[in-house]
Enquirer: 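Just passing along the structure, written as structure tokens.
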Amino acid sequence: MKYGFYPILLLSLCLAFSDIMTTASAVETESVFSAEKRVEGRSVRVDMEFPRHAAVGETVPLTVALSFDRQISGAFPSVSVTWKKTPDGASSPEVLPGAPVTDVRFSAPGHYEMEAEIGLVLKNSCGGVRLLPLAVASFAVDVS
């Protein structure tokens with residue numbers, strides 16, 4: 001009974017530390033962005049994720065999720081990517097826009113910075129279309 005408390009304390013500290021390390025690793029591997037906006041009296045939440053690291057030739061996802069407090073009929077997301085910084089001599093990465101996933105492929109190593117703009121396309125029954133900006137997020141990725 002003399003040492004009964006210490007193994008439990010040690011185990012608790014190890015578990016707490018391992019949880020912190022897992023969380024730190026997850027934070028290190030992806031950039032995450034969230035925003036909320038009111039559209040036509042409804043709340044729309046935008047969540048985006050993009051890896052912080054990639055390899056040349058690898059297709060990496062820019063993941064976009066929209067959540068509505070009440071669904072908006074005829075609405076769908078639009079994703080636009082603009083490259084703010086590319087390595088010297090490198091061309092802009094290949095982007096295949098889409099939602100919920102936009103695919104990005106890098107052809108050269110280096111540090112890249114991009115801006116992702118998410119809009120909500122509203123299409124009514126008369127054939128009219130409106131684009132409402134929801135959020136703009138900046139992401140950086142190091143490509144090896």
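All values below were derived from every heavy atom in this structure, side-chain atoms included, with hydrogens, water molecules and symmetry-related copies excluded.
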Enquirer: What pair of heavy atoms forms the shortest contact from S91 to Y112, and how long is it?
Expert: O-CE2, 4.4 Å
Enquirer: Would L131 end up clustered with F76 when hydrophobic side chains under 4.5 Å apart are linked, directly or stepwise?
Expert: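 Linked, L131 and F76 end up in one cluster.
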Enquirer: Roughly how far apart are E36 CD and D47 CG, rounded to 0.5 Å?
Expert: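 Rounded to the nearest 0.5 Å, the CD-CG separation comes to 9.5 Å.
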Enquirer: How close do P87 and H111 get, counting heavy atoms only, and between which atoms?
Expert: CD-O, 3.5 Å
Enquirer: Are any non-hydrogen side-chain atoms of V46 and K37 less than 4.5 angstrom apart?
Expert: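 No, side chains not in contact.
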Enquirer: In the single-linkage hydrophobic clustering (I, L, V, M, F, W, Y; side-chain heavy atoms under 4.5 Å), do V95 and V56 co-cluster?
Expert: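 Yes: a chain of side-chain contacts under 4.5 Å links V95 to V56.
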Enquirer: Who are the salt bridge (Lys or Arg N to Asp or Glu O under 4.0 Å) partners of E94, not counting sequence neighbours?
Expert: R105
Enquirer: Answer with yes or no whether the hydrophobic clustering places V136 together with F33; edges join I, L, V, M, F, W, Y residues whose side-chain heavy atoms lie under 4.5 Å apart.
Expert: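 Result: no, two separate clusters.
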Enquirer: Might you point out which heavy atoms bring A75 and L122 nearest each other, and give the distance in Å?
Expert: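 Closest heavy-atom pair between A75 and L122: CB-CD2, 3.6 Å.
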Enquirer: Quick one: closest heavy-atom pair of T59 and D103, and the distance?
Expert: CG2-CB, 3.5 Å
Enquirer: Let me confirm one number: the NZ-CD distance from K84 to E113, rounded to the nearest 0.5 Å.
Expert: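 Taking NZ in K84 and CD in E113, the distance rounds to 10.5 Å.
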Enquirer: Quick test of your reading: applying salt bridge (charged side-chain N to carboxylate O under 4.0 Å, His left out), list the pairs with at least one residue in residues 129-144, sequence neighbours left out, ordered by first then second residue.
Expert: E40-R130
Enquirer: Taking the inter-plane angle between the rings of F139 and F50 on a 0 to 90° scale, is it parallel (under 30°), tilted (30 to 60°) or perpendicular (over 60°)?
Expert: tilted
Enquirer: Same hydrophobic cluster for V79 and L134, using side-chain heavy-atom links shorter than 4.5 Å among ILVMFWY?
Expert: yes
Enquirer: Show the atom names and distances, to 0.1 Å, of all donor-acceptor pairs under 3.5 Å that link a side chain in residues 61-70 to residues at least two apart or in another chain.
Expert:
| unit_1 | atom_1 | unit_2 | atom_2 | d |
| --- | --- | --- | --- | --- |
| D69 | OD1 | S43 | N | 3.0 |
| D69 | OD2 | S43 | N | 3.4 |

Enquirer: Is it the case that the side chain of K85 and the backbone of A140 share a donor-acceptor pair, with hydrogens and angles ignored and the cut-off at 3.5 Å?
Expert: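 Side chain of K85 to backbone of A140, a donor-acceptor pair under 3.5 Å: no, none is there.
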Enquirer: With a 4.5 Å limit on heavy-atom distance, are the side chains of S34 and R45 in contact?
Expert: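 Sidechains of R45 and S34: in contact.
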Enquirer: Between V60 and P51, which heavy-atom pair has the shortest distance, and what is it?
Expert: CB-CG, 4.0 Å
Enquirer: Return the OG to CD distance between S80 and E115, rounded to the nearest 0.5 Å.
Expert: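 If I round to the nearest 0.5 Å, the distance is 9.0 Å.
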Enquirer: Could you tell me which non-hydrogen atom of L120 sits nearest to which non-hydrogen atom of V39, and how far apart they are?
Expert: CD2-CG1, 4.1 Å
